[in-house]
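One structure is given below, encoded as C-alpha cells.
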Amino acid sequence: MACRTACQMLQRRLASSAATSARLSSAELRSRRSSLFSEEQARQRALYPRIEKIEVQMQGPGLQGTLLVMNKGLSTPHSCARHLSEWHLESAVLALVDGEAWPLHKPLTRSCALTLLTFKDTNPLLANQAYWRSCAALLGQVLQNAFKDDFTVELLKTPEVPVTSGAFCCDVVLDPQLDSWTPAEEALHSLTRDAQQLIHRDLPWEPLEVAPPVALDIFAHSRCKQTEVEELAAHSTSGTVNIYRCGDHVTLSGGPLVARTGLCMQYEVTALHSLGQGAWGLHRRVQGLSLPQQLQAHHTVWRKLRKRAMKLVEVTPSSANLTAELPSESSHLQDPALPIHQ
C-alpha cells in the first residue's frame with residue numbers, strides 16, 4: 001500500500017510539473033495557489049451538508065462549567081472565543097482540543113473539551129512554538145512577494161528552531177542571478193516594512209488539512225515544496241499534509257500557526273546569511289526577531305535581542321527539541337538596480 005501510494009504521488013507530481021512548466025509571475029502563482037486552496041476548502045465544507053450540533057466543554061480559568069453548543073465541521077475555536085469575551089477573542093493564540101494542539105481557525109469535527117491558549121499562560125510552550133513558527137511563515141510570505149518578477153524565489157523547508165536560538169529563520173534559494181548579491185541594511189528595512197504591513201492587516205492564518213495529491217497540485221511550480229509535501233506525508237500518522245493561507249499566500253507548515261498576523265507586534269528582519277551550495281542552489285538563511293502584542297520590550301532590551309538575532313542560527317537535529325519562553329504603509333527601495341520591488 002505504501003509503495004502504491006508513493007508511486008501515485010510521483011506520477012501526480014510529474015504530471016502536475018509537466019502541465020505547469022510555463023513560468024508564472026508572482027501574482028499569477030499566488031492566485032493559482034489561493035484558488036486551489038479555496039476549491040479544496042469548499043469541497044471539505046460540503047462534506048457537512050446538514051447542520052449537526054456538537055458540545056464543546058470550555059476549560060481554563062473562569063470557564064469551568066461553560067458548555068457551548070456549536071456546529072460540527074463549521075465552528076472553530078475562534079467561533080467559541082466569540083461566545084466568551086473580547087479578552088478571550090483578542091488574546092487567544094492557539095487551542096487545545098482534547099489535549100491536541102489545534103489552530104484557532106480549524107473547524108471542530110466532534111464534541112470535545114477545548115482550552116484557549118495565550119502567551120501569558122503558566123506554561124506558554126505551545127503558544128511560543130506556534131508564534132515562532134508563524135513569524136517564520138510571515139517572513140517567507142514577504143520574501144516570496146518582495147522580489148521583481150525577473151528573479152525566482154524558492155522557499156525551502158522552514159527549519160524548526162527554538163526561541164532560545166534568538167531568531168526565527170526562513171531558508172530560501174534566490175535566482176542564480178543574485179548569487180553575488182549581498183543585501184544592504186536598507187534592503188532588510190524594506191523587508192521589515194513589508195512584514196509590518198501584513199501585521200497591520202491582521203490577516204488570519206487559515207488552516208487546511210489536505211491529501212498529498214492536492215498539496216502537490218497546489219505547489220506544482222515548486223520542486224522543493226513538492227519534495228517537502230512527500231516528506232510531510234510520509235511522517236504523518238494520517239497521511240495528510242497541513243497547509244495555511246494568509247491573504248493569497250499559501251504555505252506548508254510542520255506544526256500549527258497562531259490565529260492571525262496581528263498578534264505580532266515588534267517585528268524586524270535582522271540578517272541574511274549564505275549557507276553555501278545545496279540541493280536547490282545557493283541556500284540562504286533569512287532571520288528575524290519578533291515579540292507579540294502582550295510581551296513588548298523596552299527599546300534598550302530590543303537592541304540587545306536584535307544584536308543577537310543578527311548572528312547566524314545553526315540548526316542541528318537536537319535544536320528543535322529545545323524549548324523556552326519568549327522574552328517579556330510599506331515603502332520599497334527606490335534604487336532600480338536592486339532586486340526588491342520598487
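Residues take their numbers from the sequence shown, with the count starting at 1.
At a threshold of 4.0 Å, the pair D217-R33 does not count as salt-bridged, since none of the basic side-chain nitrogens sits closer than that to a carboxylate oxygen. Between E154 and R284 there is no salt bridge, since no side-chain nitrogen of the basic residue lies less than 4.0 Å from a carboxylate oxygen of the acidic one. The existence of a salt bridge linking D98 and R110 is confirmed by a sub-4.0 Å separation between a basic side-chain nitrogen and an acidic carboxylate oxygen. Remark: K106 engages E209 in a salt bridge, criterion side-chain N to carboxylate O under 4.0 Å.
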How far apart are the C-alpha atoms of E206 and H105, what are their side-chain angles, what is the distance that settles it, and do they pass the side-chain contact (heavy atoms from CB on, under 4.5 Å) test? CA-CA 6 Å; E206 304 174 74; H105 296 289; 5.5 Å; no
Worked check of side chain to side chain donor-acceptor pair (under 3.5 Å) between D149 and S26: CA-CA 6 Å; D149 281 331; S26 296; 3.0 Å; yes
From CA spacing to verdict: side-chain contact (heavy atoms from CB on, under 4.5 Å), V153, V172: CA-CA 7 Å; V153 177; V172 64; 3.7 Å; yes
In sequence, state the C-alpha distance, the side-chain angles, and the governing distance for E160 and R133, and then conclude on side-chain contact (heavy atoms from CB on, under 4.5 Å). CA-CA 7 Å; E160 286 276 343; R133 193 180 296 121; 2.7 Å; yes
Test side-chain contact (heavy atoms from CB on, under 4.5 Å) on L275 and D171; report intermediate values, then the result. CA-CA 9 Å; L275 301 178; D171 289 356; 4.1 Å; yes
Verdict with supporting geometry, T152 and D175, side chain to side chain donor-acceptor pair (under 3.5 Å): CA-CA 5 Å; T152 58; D175 195 288; 3.3 Å; yes
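Connection of L114 to L126 is not established within any shared hydrophobic cluster, with ILVMFWY side chains joined at heavy-atom distances below 4.5 Å, either directly or through further cluster members. Each of I199 and L89 belongs to its own hydrophobic cluster when Ile, Leu, Val, Met, Phe, Trp and Tyr are linked at side-chain heavy-atom distances under 4.5 angstrom. The cluster map of Ile, Leu, Val, Met, Phe, Trp and Tyr, joined by side-chain heavy atoms under 4.5 Å apart, puts Y131 and L104 in different clusters. If you chain together hydrophobic residues whose side chains sit under 4.5 Å apart, L312 and L143 never meet in one group. Hydrophobic clustering, with ILVMFWY side chains joined whenever heavy atoms are under 4.5 angstrom apart, keeps L84 apart from L96.
Using the six-membered ring where Trp is involved, F168 and Y267 have ring planes that are tilted, between 30° and 60° apart.
In the model, W302 has a side-chain atom that pairs as donor or acceptor with a side-chain atom of E268 under 3.5 Å. Using modelled atom types and a 3.5 Å distance limit, the side chains of T76 and S79 yield a donor-acceptor pair. With 3.5 Å as the limit, one finds no donor-acceptor pair spanning the side chains of R285 and S274. For the residue pair T109 and Y48, no side-chain donor N or O sits within less than 3.5 Å of a side-chain acceptor on the partner.
Nearest approach of V142 to L191, heavy atoms of both residues: CG1-O, 3.6 Å. Of all heavy-atom pairs spanning G281 and V173, the tightest one is CA-CG1, 4.3 Å. For P256 against P103, the heavy-atom pair with the smallest separation is CB-CG, 4.1 Å. Here the closest non-hydrogen pair linking L291 and A297 is CD1-CB, 3.4 Å. Across all non-hydrogen atoms, the minimal contact from Q287 to V313 is OE1-N, 2.8 Å. The two atoms that bring P212 and V229 nearest to each other are O-CG1, 3.9 Å, heavy atoms only.
Counting heavy atoms from C-beta on, the side chains of L108 and V97 come closer than 4.5 Å. Side-chain atoms of W205 and L138, non-hydrogen and from C-beta on, do get closer than 4.5 Å to each other. In this structure, the side chains of T261 and H200 stay at 4.5 Å or more apart for every pair of heavy atoms. Residues I243 and I218 meet the side-chain proximity criterion, which asks for heavy atoms closer than 4.5 Å. In this structure, the side chains of N242 and P207 stay at 4.5 Å or more apart for every pair of heavy atoms. Put simply, the side chain of K53 does not reach to within 4.5 Å of the side chain of K72, judged on heavy atoms. A heavy-atom distance below 4.5 Å is not found between the side chains of C246 and L198. Between V69 and I54, the closest side-chain pair of non-hydrogen atoms is not below 4.5 Å.
Checking side-chain atoms of S134 against main-chain N and O of L257 turns up no donor-acceptor pair under 3.5 Å. Without hydrogens or angle criteria, S236 side chain to V241 main chain gives no donor-acceptor distance under 3.5 Å. Panel note: side chain E28, backbone S25; a donor-acceptor pair is recorded below 3.5 Å. Formation of a donor-acceptor pair under 3.5 Å by the S31 side chain with backbone atoms of A27 is not found in this model. Between the side chain of S190 and the backbone N or O of E186 there is no donor-acceptor pair closer than 3.5 Å. Judged by distance alone, with hydrogens and angles left aside, the side-chain atoms of R245 form a donor-acceptor pair with the main-chain N or O of S34 at under 3.5 Å. Under a 3.5 Å cut-off, the side chain of S165 and the backbone N or O of P162 do form a donor-acceptor pair. At distances below 3.5 Å, not a single donor-acceptor pair connects side-chain atoms of S91 with backbone N or O atoms of T118. Listed for the S290 side chain is a donor-acceptor partner under 3.5 Å among the backbone atoms of Q266. With hydrogens and angles ignored, the 3.5 Å screen pairs no side-chain donor or acceptor of H88 with any backbone N or O of H78.
Separating the CG atom in L289 from the SG atom in C135 is a distance of 8.5 Å, to the nearest 0.5 Å. Taken to the nearest 0.5 Å, the CD atom of E52 stands 15.0 Å off from the CE atom of M70. Separation of atoms CG (L29) and NE2 (H249) is listed at 10.0 Å; rounding is to 0.5 Å.
Take Q44 and apply the side-chain contact (heavy atoms from CB on, under 4.5 Å) test, not counting sequence neighbours, and it matches E40, L208, V210. For the side-chain hydrogen bond (donor to acceptor under 3.5 Å, both in side chains) test, no residue two or more places apart in sequence or in another chain qualifies with W102.
Residue E55 places its CD atom among 12 or fewer non-hydrogen atoms of other residues, nucleotides or ligands, all under 6.0 Å distant.
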Scan the side chains in residues 59-66 for donor-acceptor partners under 3.5 Å anywhere in the protein, sequence neighbours excluded, and list what turns up.
{"residue": "Q64", "atom": "OE1", "partner": "G62", "partner atom": "N", "Å": "3.2"}
{"residue": "Q64", "atom": "NE2", "partner": "G60", "partner atom": "O", "Å": "3.3"}
{"residue": "T66", "atom": "OG1", "partner": "L63", "partner atom": "O", "Å": "3.0"}

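Taking the six-membered ring where the residue is Trp, the centroids of F151 and W181 are separated by 6.0 Å or more.
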